[in-house]
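Written below as structure tokens is the structure these notes are about.
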Amino acid sequence: MLIFLGCYRRRLEERAGTMSAETATGPTEDQVEILEYNFNKVDKHPDSTTLCLIAAEAGLSEEETQKWFKQRLAKWRRSEGLPSECRSVTD
């Protein structure tokens with residue numbers, strides 16, 4: 001329950017423009033470590049609840065976390081020789 005309140009608080013801070021300068025320049029090394037761990041060990045396609053939990057753990061907004069996962073998934077797909085975005089089975 002507290003984690004979801006944290007996500008709500010973070011959204012309010014974003015609207016008020018009080019987010020830290022760290023998140024404006026991208027995630028820190030510690031945040032990337034958390035994101036990478038969750039990407040590799042937990043889920044490459046997190047649902048909204050999991051995304052909120054990961055965002056809270058990393059200290060990022062849900063939007064930043066979602067953007068990071070989207071970019072990281074595209075990078076992973078390229079490294080696997082897959083198209084960066086899969087539109088259908090015939091791609």
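For this chain, numbers begin at 1 and follow the sequence in order.
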Hydrophobic cluster membership, with links at side-chain heavy-atom distances under 4.5 Å among I/L/V/M/F/W/Y: are Phe69 and Leu73 in one?
yes
Could you see if Trp68 belongs to whatever hydrophobic cluster contains Trp76? Use Ile, Leu, Val, Met, Phe, Trp, Tyr and a side-chain cutoff under 4.5 Å.
yes
Rounded distance [0.5 Å steps], [atom1] in [X] versus [atom2] in [Y]:
X     : Y     : atom1 : atom2 : result
Asp47 : Leu51 : CG    : CG    : 8.0 Å
Leu35 : Gln71 : CG    : CD    : 11.0 Å
Tyr37 : Glu57 : OH    : CD    : 9.0 Å

Just wondering, do Asn38 and Leu53 contact through their side chains at under 4.5 Å, heavy atoms?
no
Answer yes or no: is there a side-chain heavy-atom contact under 4.5 Å between Gln31 and Thr28?
yes
Under the criterion salt bridge (charged side-chain N to carboxylate O under 4.0 Å, His left out), I'd like the reasoning laid out for Glu36 against Arg72: C-alpha separation, chi angles, the key distance, then a yes or no.
CA-CA 9 Å; Glu36 283 288 346; Arg72 182 62 179 89; 2.9 Å; yes
Does NZ in Lys67 sit with more than 12 non-hydrogen atoms of other residues, nucleotides or ligands closer than 6.0 Å?
no
Is it true that the side chains of Glu62 and Thr65 contain a donor and an acceptor less than 3.5 Å apart?
no
Donor-acceptor check, side chain of Glu64 to backbone of Ser61, threshold 3.5 angstrom: yes or no?
yes
